[in-house]
Amino acid sequence: MTMDRRKLLAGLRGGVVLGAGIALGGCQKILETGPVDEVASSLDLFTRDAQRLVTRPTALAREYAPHERSPDFRANGSRTVDTPEYRQHLARGFADWRLTIGGLVAKPMSLSLAALQRLPARTQITRHDCVEGWSAIGEWTGTPLGLLLDMAQIRGGARYILFRCADSFGDTPYYESIDLIEAFHPQTILAWRMNGEPLPERHGAPLRLRVERQLGYKHAKYVTGIEAIADYRQIAGGKGGFWEDRAGYQWWAGI
Ligand SMILES: Nc1nc2c(c(=O)[nH]1)N[C@H]1C(S)=C(S)[C@@H](COP(=O)(O)O)O[C@H]1N2
Ligand SMILES: [Mo]
């Protein structure tokens, strides 16, 4: 267990993480004067810390009963992945597919879908809210992200978890990032089942993120790699996610 993880856990247990988050937000605002595009990310962190003042970092998103599941769960954004690699993996039932875990971790690893499915899993029925104005309730089963991060042992200095995806819009791959509090939240899972069936292609097969206290665009589909990172400003467009880069969506998408 790394120092940061220990501190995070101690903070969650003692309830002092709120104070730590606000102190952090304050520091960032002082440090991030200057370039105008950095004001937006410090505003994001301010919003995150303000929301955490009124919502405990461990608070659970509402869960629903099986009969409340939406009969039609809309698929949005990419519904298919048009690369030869992906078509081949899909055709073979993802038998040779691997999830890589790297970046600031002591034990980089690559896991098959079968290996992921042998780990303890969690099932939850939650509501997905897309900024485009629709919601749907679905049942998700998958591997808790925190469990994988504990296996890989994230190192001190890691502050975000980055998700790389198999699909692209033109030449731009989809990606997303979340902070460590969302990453270790008990309802944050890498789902490989939906409504009791293997995750369908249009919903992100073979593996997609469920980060239940955040808006739809944070829920990366077709995840192929996870990295622990110190900062997302050096990655792609620098805003921490595909839609953040492209359309100015907020990095902090807390519901
Ligand atoms: N890789 C990838 N992940 C993605 C997207 C995408 O286009 N590609 N769209 C996002 C958006 S905006 C939403 S609302 C949800 C939609 O998930 P669904 O297709 O399972 O409804 O996926 C999110 N994750
Ligand atoms: Mo969305």
Side-chain angles (χ1 to χ4, degrees), residues 44 61 63-64 68-87 89-90 94 97-101 113 116 122-143 145 160-178 182-183 187-227 232 235-237 239-255:
D44 257 346
E63 293 193 15
Y64 295 78
E68 293 174 285
R69 290 177 305 182
S70 303
D72 255 321
F73 197 115
R74 174 164 158 184
N76 204 35
S78 298
R79 294 169 179 85
T80 181
V81 183
D82 246 337
T83 67
E85 295 94 313
Y86 185 87
R87 300 321 303 167
H89 280 311
L90 184 74
F94 299 99
W97 173 94
R98 291 282 183 288
L99 170 73
T100 59
I101 308 179
L113 188 57
L116 275 171
R122 179 188 165 93
T123 296
Q124 60 206 24
I125 302 176
T126 53
R127 195 185 69 200
H128 179 99
D129 297 312
C130 173
V131 285
E132 290 168 27
W134 58 273
S135 298
I137 296 173
E139 179 187 293
W140 306 97
T141 299
T143 315
L145 178 60
Y160 301 98
I161 303 299
L162 176 77
F163 302 89
R164 297 201 186 268
C165 305
D167 60 317
S168 297
F169 289 73
D171 288 338
T172 313
Y174 201 92
Y175 79 104
E176 258 303 339
S177 63
I178 60 176
E182 293 308 306
Q187 288 170 318
T188 300
I189 64 174
L190 285 166
W192 35 263
R193 282 181 88 73
M194 178 189 191
N195 294 330
E197 305 282 345
L199 187 64
E201 178 181 8
R202 66 186 182 283
H203 291 293
L207 198 68
R208 66 98 48 87
L209 178 65
R210 295 299 312 169
V211 52
E212 303 294 355
R213 305 186 305 173
Q214 301 269 312
L215 289 168
Y217 58 91
K218 303 299 285 189
H219 298 234
K221 306 196 283 190
Y222 317 107
V223 173
T224 56
I226 297 173
E227 284 165 49
Y232 51 74
I235 292 154
K239 303 288 195 293
F242 175 84
W243 285 114
E244 290 87 329
D245 287 342
R246 174 158 300 201
Y249 286 13
Q250 299 298 298
W251 173 81
W252 178 251
I255 298 171

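Position 1 is the first residue of the sequence; numbering continues from there. We count ligands from 1, going down the list as the structure has it; atoms in each ligand are counted the same way.
- Distances from ligand 1 to the non-hydrogen atoms of Tyr175 include no value under 4.0 Å.
- A ring-centre distance under 6.0 Å is not found for Tyr174 and Tyr222.
- By the criterion of a heavy-atom distance under 4.0 Å, the backbone of Ala220, and not its side chain, is placed next to ligand 1.
- No hydrogens or angles considered: a donor-acceptor pair under 3.5 Å links the side chains of Tyr175 and Asp245.
- When the options Tyr249, Tyr174, Trp140 are ranked by their closest heavy atom to atom 10 (C) of ligand 1, first place goes to Tyr174.
- Of all protein heavy atoms, the one lying nearest to atom 23 (C) of ligand 1 is Gly216 O, 3.3 Å.
- When each of Arg127, Arg69, Arg193 is paired with Glu139, the salt bridge (Lys or Arg N to Asp or Glu O under 4.0 Å) condition holds for Arg69 and for no other.
- At the shortest separation from atom 3 (N) of ligand 1 among protein heavy atoms lies Lys221 N, 2.9 Å.
- Using a 4.0 Å heavy-atom cutoff, Arg79 is absent from the residues neighbouring ligand 1.
- Note on ring orientation: taking the six-membered ring where Trp is involved, the planes of Trp134 and Phe73 are perpendicular (angle over 60°, cut-offs 30° and 60°).
- In summary, the atoms of ligand 1 found under 4.0 Å from a heavy atom of Asn76, numbered by their order in the structure, are 9 (N), 12 (S), 14 (S), 16 (C), 18 (P), 19 (O), 21 (O).
- Of the listed options Leu209, Leu215, Asp167, Asp167 places a heavy atom closest to atom 8 (N) of ligand 1.
- The main-chain N or O of Ala253 is found under 3.5 Å from a side-chain atom of Gln214 such that the two form a donor-acceptor pair.
- Taking atom 18 (P) of ligand 1 as the reference point, the nearest protein heavy-atom neighbour is His203 ND1, 3.5 Å.
- The protein atom (non-hydrogen) at minimum distance from atom 7 (O) of ligand 1 is Ser78 N, 2.9 Å.
- For ligand 1 and Cys130, the ligand atoms under 4.0 Å from any heavy atom of the residue are 14 (S).
- A donor atom on one side chain and an acceptor atom on the other are not found under 3.5 Å apart for Thr224 and Trp97.
- Taking every heavy atom of Trp134 and a limit of under 4.0 angstrom, the matching atoms of ligand 1 come to 14 (S), 21 (O).
- The shell of residues lying under 4.0 angstrom from ligand 1, judged by heavy atoms, excludes Phe163.
- Using a 4.0 Å cut-off to heavy atoms of Arg202, the atoms of ligand 1 that qualify are 19 (O).
- Counting heavy atoms from C-beta on, the side chains of Trp192 and Leu113 come closer than 4.5 Å.
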List the steps and the verdict of side chain to side chain contact (heavy atoms under 4.5 Å, CB included) for Leu162 and Tyr232.
CA-CA 8 Å; Leu162 176 77; Tyr232 51 74; 5.6 Å; no
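- Of the charged side-chain nitrogens involved, none lies within less than 4.0 Å of a carboxylate oxygen, so that Glu201 and Arg79 do not count as a salt-bridged pair.
- Close approach of ligand 1 to Arg74 is summarised as follows: ligand atoms under 4.0 Å from at least one heavy atom of the residue are 18 (P), 21 (O).
- Shortest contact from atom 14 (S) of ligand 1 to any protein heavy atom: His128 NE2, 3.2 Å.
- Between Glu176 and ligand 1 there is no heavy-atom distance shorter than 4.0 Å.
- Residue contacts with ligand 1 include Phe169, since one of its heavy atoms falls under 4.0 Å from the ligand.
- Distance check, rounded to the nearest 0.5 Å: CG of Leu145 to CD of Gln187 gives 13.5 Å.
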